[in-house]
There are 2 protein chains.
Amino acid sequence: MRENKFMTIYEDVVANIQSGQLRPNTKLPSENELVEQYETSRETIRKALNLLSQNGYIQKMKGKGSFVLDVSRFDFPISGLVSFKELAEKLGHESHTVVEEFGLIKPDEELRTQLHVTSKDTVWKVVRAREIDGERIILDKDFFNKKFVPHLTEDICRGSIYEYLEKEVGLKISFAKKEISVDELTEDDRHYLDLKEYEHIVVVRNYVYLDDASLFQYTESRHRLDKFRFVDFARRGV
Amino acid sequence: MRENKFMTIYEDVVANIQSGQLRPNTKLPSENELVEQYETSRETIRKALNLLSQNGYIQKMKGKGSFVLDVSRFDFPISGLVSFKELAEKLGHESHTVVEEFGLIKPDEELRTQLHVTSKDTVWKVVRAREIDGERIILDKDFFNKKFVPHLTEDICRGSIYEYLEKEVGLKISFAKKEISVDELTEDDRHYLDLKEYEHIVVVRNYVYLDDASLFQYTESRHRLDKFRFVDFARRGV
DNA sequence: AAGTGGTCTAGACCACCAT
DNA sequence: TGGTGGTCTAGACCACTTC
């Protein structure tokens, strides 16, 4: 009984949709019926249903009911804050990470503005090449303020840094701002990636914030043009 | 008194943030204080605050209070479901639209899968080149199922089709799925756009759904590499 | 008229934070 | 200890859809 009630209900319904027990285009039980099924109040049921709606699982229709959306087409590659490791595992690809650079640096002017640090701060710099199906197609450059991440090793970087920070260090990631653009190649790109004949590269700049709204990480994820894909689900208005 | 209470409060706070009355990193009044200010119940206040949090305006901290963020609201280029016209106006650029193709077609196989229509359906096809600051840099290809859009004119397409559909036809757009990738140039791209030396183009595929979860529009928005930018704000977990 | 989801209320208990 | 946001409850009225 550790979890919230509404989250338990949400996860239960998601499981039922993904297992096929609740099929696309069929109607969910009404809110009042769910109140009885889960022995809870209507507002709690509505909290769970609103979460399902936001995440693209159901469509609510006034006077009619809630209907299961055909979510099978929604295979979220990079949407949200999913890390490379989670992503590769989800898609079932053969993936490999090479740590190309690792260490503490003094931030230059560009990085100081991006990470909101001063020249007195020290910053972790991690550069990793991502190999999928035998080709090096993604270059991740991560910068962490040492104030939030006192200790880091090359070995941790070979795995998932996020997993380490959340589970071991106990940092709580709250939100992120993502910017996607297409840039010209840099020396590093040519040096660390298998680029074919391409002249440009897709750059995803990620600003990651903690629970207390402090910026603790800046990441540049550089993707080879032909392998880049981003999927987004958005609701209009509320 | 037409609007919802929580939406009125939300818009009021947004206005206060944007006007500078509520400054970044300052604390909002507590929920109980807001209850008194707005003469409403706490759940209604919380509904407004959750909306502010989701949209990146504030950060809520248990035991401390809600704080104004300064992260977001710079410039949201394509995030959400903003149309080209809204976007150009927001950024204050000189923009111009040329309708290159307009008419009813029978969908080919590719389009039939994308729009979920059969060969018996008729589909509006609209191709528009978007000129910003004197350069033609975006090519929008829109396809509407005629079932939902019985009437359409070239003149409407020169303005905002969305505005026409929502205000005149009364269609209620509910959600959309967006896919971003980088493709090779097509004949149309070379023909209708000012492309410089680029060999590739950023393609945003947009699947737009109505209130009743029916797919009514498929759009391909093709952006010249150097002019493309996408910004996204995402919260972790709930 | 009956059922549905959308909004709102008034109150309760909890976990967390500051003091 | 008092204030804060997070969760949950039980009930009410409304607008919309269906019969």
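The chains referred to below are lettered A, B, ... by the order of the sequence lines, with proteins before strands, and numbering in each begins at 1.
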task = Using the six-membered ring wherever Trp is involved, compare the ring planes of Phe175(B) and Phe233(A) and label them parallel, tilted or perpendicular (cut-offs 30° and 60°).
result =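 Plane angle between 30° and 60°, so tilted.
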ask   = Would you call the rings of Phe144(A) and Phe216(A) parallel, tilted or perpendicular, where under 30° means parallel and over 60° means perpendicular?
value = tilted
Rounded to whole angstrom units, what separation is found between the [atom1] atom of [X] and the [atom2] atom of [N]?
X: Met61(A); N: dT17(D); atom1: CE; atom2: C1'; value: 11 Å
X: Leu49(A); N: dC8(D); atom1: CG; atom2: P; value: 14 Å
X: Lys5(A); N: dA12(C); atom1: NZ; atom2: P; value: 18 Å
X: Lys60(A); N: dA15(D); atom1: NZ; atom2: P; value: 18 Å
X: Gln59(A); N: dG5(C); atom1: CD; atom2: P; value: 13 Å
X: Met7(B); N: dC8(C); atom1: CE; atom2: C1'; value: 15 Å
X: Asn4(B); N: dT9(C); atom1: CG; atom2: P; value: 12 Å
X: Lys172(B); N: dA15(D); atom1: NZ; atom2: C1'; value: 11 Å

Contacts under 3.5 Å, N or O only, protein and nucleotides 15-19 of chain C:
none

ask   = Does the pair Val202(A) and Arg222(A) meet the rule for a side chain to side chain contact (heavy atoms under 4.5 Å, CB included), with working shown?
value = CA-CA 6 Å; Val202(A) 180; Arg222(A) 308 174 72 86; over 6 Å; no
ask   = Quick one: which of dT7(D), dC8(C), dG6(C) gets closest to the side chain of Arg46(A)?
value =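 Nearest to the side-chain atoms of Arg46(A), counting from C-beta on, is dG6(C).
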message = As a quick check of understanding, evaluate side chain to side chain contact (heavy atoms under 4.5 Å, CB included) for Arg130(A) and Ser95(A), giving each step before the final call.
response = CA-CA 7 Å; Arg130(A) 313 293 206 165; Ser95(A) 73; over 6 Å; no
message = Between Asp142(A) and Arg128(A) (salt bridge meaning N to carboxylate O under 4.0 Å), is one present in this structure?
response = yes
query = For Trp124(B), which of Tyr218(B), Phe102(B), Phe143(B) qualifies under ring pair (Phe, Tyr, Trp, His ring centres under 6.0 Å)?
reply =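 Of the listed options, the one satisfying the test is Phe102(B).
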task = Using distance alone, with no hydrogens and no angle criterion, decide if Ser214(B) and Asp212(B) have a side-chain donor and acceptor under 3.5 Å apart.
result =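 Asp212(B) and Ser214(B) do have a side-chain donor-acceptor pair below 3.5 Å.
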message = Whether the Ser53(A) and Asn50(A) side chains hold a donor-acceptor pair (N or O, under 3.5 Å, no angle test) is what I'd like checked.
response =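 Short answer, no.
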task = For Asn55(A) and Tyr57(A), indicate whether the former's side chain and the latter's backbone hold a donor-acceptor pair under 3.5 Å.
result =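 Side chain of Asn55(A) to backbone of Tyr57(A): no pair is present.
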request  = Check DNA chain D against residues 27-43 of chain A and give the residues with a non-hydrogen atom under 4.0 Å, in numerical order.
outcome  = Thr40(A), Ser41(A), Arg42(A), Glu43(A)
